[in-house]
Amino acid sequence: MGGQEHARRLRHPVAALALAALAAPSSAGAQDTEERIRRLEEQLQAITQELHELKAGLAQPPSVRQAAEAAPAEARAASARAEAAAARMDATALDERVQTLEQRLDQQGIRAQLADGLILEDPGQRWRLRMTGRALGDYRSFSPDVVAADTFSIRQARLGVNLQVLRDWSIYVEGEYASTAISQNAFLTNAYVDWQVMGQQLTLRLGQFKPQFGLEHTDRVPFFDFTERALPAGLIQNFLFDRGLMAFGSPLPGFYYGVSVTNGTGQNIDERQTDSTETTQDGKDFTARFAWNLAQSMAWQDSIVHAGVSYRRGTQANSTSNPYFAASLTTEGRGVTFFAPQAFNSSNGTSQVGSIDRRLQGAEAILAHGPVKLAGEYITARYSGDRSAAPLGEFERDISGYYLSAMWLITGEHYADAYKGSFVQRIRPRNAFSWKDGTWGAWEIGLRYSSIDASDFKASNAPFTGRPGTSATALVTSQSTGAQAYTFGLKWMPNSYVRLMFDYIRTEFDDDIVIAGRSTGHENAVNVRAQFDFF
């Protein structure tokens with residue numbers, strides 16, 4: 001009986017060891033290896049303890065059978081010791097291998113990729129350099145021939161550099177090298193420092209930038225549905241870029257905001273102090289835009305349900321040396337300037353009108369599902385002031401305009417996939433163009449209707465309170481205070497970075513205009529564009 005009892009006591013640890021061997025994980029991960037070592041050590045300790053108890057409890061010398069039963073247990077214990085030692089070596093080797101791979105990763109040099117720009121970055125994420133660029137080459141043709149010259153044109157040619165350090169800080173500087181002047185002059189577009197205060201929720205921007213206002217002005221030219229903005233674009237005047245401080249972000253999914261305080265003097269211009277009027281009227285412009293994409297908030301796949309509002313207000317200096325003008329209006333095809341108002345002050349003599357309060361209000365919408373998109377925008381510019389010479393009194397003049405557009409991605413890409421930062425950005429073809437594979441990139445067609453109305457600027461208004469000018473250009477001797485434009489567009493995107501665009505635009509004027517002695521009530525324009533961009 002004593003021998004059988006001893007045998008049973010020996011079989012228990014042997015069975016436990018066998019079950020442990022079957023249940024031991026085969027993963028080479030460091031965590032699994034450590035757990036395996038721990039279990040083997042516990043089992044080895046239990047077996048060793050039982051062997052000691054067995055040897056101590058034997059009153060008689062062990063029989064041949066008892067020795068035979070004890071021997072396998074000792075062999076199993078030795079095997080367990082060896083396996084535990086091997087596991088320790090595996091864990092040490094694995095740890096050394098991980099350290100070696102991390103060192104190699106840190107030492108492998110700068111990583112490069114083409115994504116939202118040409119990006120060079122430190123593997124340790126201490127810095128990131130992004131280079132941006134775009135080149136837009138146009139051909140424009142007009143009829144009647146008198147409205148504008150047919151021409152090849154470089155619409156934009158820009159290069160920019162963005163350096164991000166320690167994730168939260170970055171600087172971006174961009175220059176424009178396209179110029180319509182006889183002498184070629186590069187000029188600054190963007191130059192600002194960003195501080196990402198609270199991730200995507202809040203970023204502060206200081207420098208020269210685009211204050212966020214509306215869809216077409218917050219968006220960037222290479223992402224436009226058509227070659228040019230719609231007729232109401234002229235209401236922004238030269239304030240597309242301005243200098244100041246902006247706070248922007250996306251605190252909730254689908255909700256975007258941008259609030260800025262700027263000089264209100266426009267691109268590459270600081271506040272001027274050339275006379276007493278400008279010295280006293282150096283207030284700042286306030287601009288705000290709020291947009292919400294309900295589809296993004298509700299996680300509606302493949303859809304955009306976007307609405308937004310914008311507001312801008314500022315006081316503009318209006319001296320006799322630098323009188324202020326309301327917006328002039330040019331056709332979508334960049335042809336004739338059909339309306340140019342009289343200044344709000346005389347350019348010589350005594351000042352008759354004080355500073356001008358300028359307010360812009362806008363509403364915007366995008367509805368899209370799959371490859372179909374509808375968009376629209378309404379903008380009003382209001383100018384008010386106080387005439388100090390007879391006839392005395394306050395005045396207020398409005399110019400308003402809107403557009404509606406419909407777009408269809410024939411090849412089936414979805415607009416929601418390109419929605420980012422409160423507008424539709426880069427369309428990425430499902431299949432890039434390739435002769436070899438028989439793929440043709442992305443194709444898109446679109447229609448747009450736009451209208452502008454400046455009829456509040458009447459010739460019967462008091463002088464310098466909002467009248468049409470005597471001439472828009474040296475050739476335009478009779479103007480129109482309104483127009484409507486009809487645009488058809490066809491776009492081919494062979495890959496994500498190249499676009500070939502064709503637009504036909506017909507503009508009909510509310511009143512016939514006279515150009516170089518010839519009267520016309522319309523302008524026909526054909527715009528063809530080839531563009532390459534990375535940013």
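Model, not experiment: these values are computed from the prediction.
Arg205 forms a cation-pi arrangement with Tyr192, by the criterion of a distance under 6.0 Å to the ring centre and an angle within 45° of the ring axis. Relative to the ring axis of Tyr403, Arg229 does not place its NZ or CZ within 45° and under 6.0 Å from the centre. Phe535 carries Arg134 over the face of its six-membered ring, with the cationic atom under 6.0 Å from the centre and within 45° of the normal.
A salt bridge does not link Glu413 to Arg428: none of the charged nitrogens lies less than 4.0 Å from a carboxylate oxygen. In this structure, Lys373 pairs ionically with Asp225, as a charged nitrogen and a carboxylate oxygen lie closer than 4.0 Å. The pair Arg499-Asp533 does not meet the salt-bridge criterion, since no charged nitrogen lies less than 4.0 angstrom from a carboxylate oxygen.
Of the inter-residue distances, the one linking Arg220 atom CZ with Arg158 atom CZ reads 10.5 Å to the nearest 0.5 angstrom. Summarising the geometry, atom CG belonging to Asp510 is positioned 8.5 Å from atom CZ belonging to Phe338; distances are rounded to the nearest 0.5 Å. Here the CG-CZ distance, from Leu231 to Arg448, works out to 8.0 Å after rounding to the nearest 0.5 Å. Here the CD1-NZ distance, from Ile410 to Lys491, works out to 10.5 Å after rounding to the nearest 0.5 Å. For the atom pair Gln342 CD and Thr465 OG1, the distance stands at 8.0 Å (nearest 0.5 Å). Annotation: the span from Thr218 atom OG1 to Leu240 atom CG amounts to 9.5 Å, rounded to 0.5 Å.
When atom types are taken as modelled, the side chain of Gln208 and the backbone of Thr189 share a donor-acceptor pair closer than 3.5 angstrom. A distance-only check finds a donor-acceptor pair linking the side chain of Gln425 to the backbone of Lys420 [under 3.5 Å]. Distance alone, capped at 3.5 Å, is enough to place a donor-acceptor pair between the Asp150 side chain and the Phe142 backbone. Panel note: side chain Glu523, backbone Val336; a donor-acceptor pair is recorded below 3.5 Å. Judged by distance alone, the side chain of Ser303 and the main-chain N or O of His369 form no donor-acceptor pair under 3.5 Å. Side chain of Asp456 to main chain of Ile399: no donor-acceptor pair is present (N/O by atom type, distance under 3.5 Å, no hydrogens or angles). Here the side chain of Lys210 pairs a donor or acceptor atom with the backbone of Asp219 at under 3.5 angstrom. A donor-acceptor pair under 3.5 Å is formed between the side chain of Ser388 and the backbone N or O of Gln352. Under a 3.5 Å cut-off, the side chain of Glu216 and the backbone N or O of Ala230 do form a donor-acceptor pair. Listed for the Asn293 side chain is a donor-acceptor partner under 3.5 Å among the backbone atoms of Val305.
The two residues Ser297 and Trp292 have their closest heavy-atom pair at OG-NE1, 2.8 Å. Closest approach of Ser480 to Asp511, counting heavy atoms only: OG-N, 3.1 Å. Pairing each heavy atom of Thr337 with each of Ser328, the nearest pair is CG2-CB, 4.3 Å. Nearest heavy atom pair, residue Tyr378 against residue Ser400, reads OH-CB, 3.5 Å. Nearest heavy-atom pair across Phe224 and Thr227 is CD2-O, 4.3 Å. Heavy-atom minimum distance, Gly258 versus Phe248: CA-CB, 3.9 Å.
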Legend entry - Audit row: Val353, Phe395, side-chain contact (heavy atoms from CB on, under 4.5 Å) steps and yes/no: CA-CA 10 Å; Val353 177; Phe395 62 88; 3.8 Å; yes

Legend entry - Steps toward ring pair (Phe, Tyr, Trp, His ring centres under 6.0 Å) verdict (Tyr139, Phe152): CA-CA 4 Å; Tyr139 175 73; Phe152 288 98; 4.7 Å; yes

Inset, instruction - Give the intermediate values and the outcome of salt bridge (Lys or Arg N to Asp or Glu O under 4.0 Å) for residues Arg529 and Asp503. - result: CA-CA 9 Å; Arg529 172 171 296 167; Asp503 284 359; over 6 Å; no

Legend entry - Worked check of side-chain contact (heavy atoms from CB on, under 4.5 Å) between Asn268 and Arg243: CA-CA 8 Å; Asn268 297 330; Arg243 295 180 174 181; 3.5 Å; yes

Legend entry - Working for side-chain hydrogen bond (donor to acceptor under 3.5 Å, both in side chains), residues Ser153 and Thr151: CA-CA 6 Å; Ser153 173; Thr151 183; 5.9 Å; no

Inset, instruction - Verify side-chain contact (heavy atoms from CB on, under 4.5 Å) between Val259 and Phe286, making sure each step is shown before the conclusion. - result: CA-CA 8 Å; Val259 178; Phe286 171 80; 3.6 Å; yes

Inset, instruction - Could you walk me through whether Phe457 and Arg467 pass side-chain contact (heavy atoms from CB on, under 4.5 Å), step by step? - result: CA-CA 5 Å; Phe457 284 69; Arg467 285 179 167 183; 5.9 Å; no

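Atom CD of Gln200 has 12 or fewer heavy atoms from other residues, nucleotides or ligands within 6.0 Å. Around atom CZ of Arg167, no more than 12 heavy atoms belonging to other residues, nucleotides or ligands sit under 6.0 Å away.
For the pair Tyr177/Leu159, a side-chain contact is recorded, criterion being any heavy-atom separation below 4.5 Å from C-beta on. Side chains of Leu235 and Ile452 form a contact here, defined as non-hydrogen atoms less than 4.5 Å apart. Annotation: side chain of Tyr257 is in contact with side chain of Pro251 (closest heavy-atom distance under 4.5 Å). You'll find the side chain of Ser260 reaches within 4.5 Å of the side chain of Phe209, heavy atoms only. Gln113 is listed as a side-chain neighbour of Glu121, based on a closest heavy-atom distance under 4.5 Å. Residues Tyr486 and Glu508 are in side-chain contact: their nearest non-hydrogen atoms beyond the backbone lie under 4.5 Å apart. Residues Phe239 and Thr262 have side chains not in contact (no heavy-atom distance under 4.5 Å, counting atoms from C-beta outward). At a threshold of 4.5 Å between non-hydrogen side-chain atoms, the residues Leu360 and Ile236 count as touching.
The list of ring-ring contact (aromatic ring centres under 6.0 Å, His included) pairs with a residue in residues 307-329, not counting sequence neighbours, is empty.
Side-chain atoms of Arg506 and Asn524 include a donor-acceptor pair closer than 3.5 Å. Residues Gln296 and His306 bring no donor and acceptor atom of their side chains to less than 3.5 Å of each other.
By the 30° and 60° cut-offs, the orientation of the rings of Tyr256 relative to Tyr419 is perpendicular. Relative orientation of the Trp492 and Trp443 rings is parallel, given thresholds of 30° and 60° on the angle between their planes. Ring geometry for Phe213 against His217 counts as perpendicular: the plane angle is over 60°, on a 0 to 90° scale with 30° as the lower cut.
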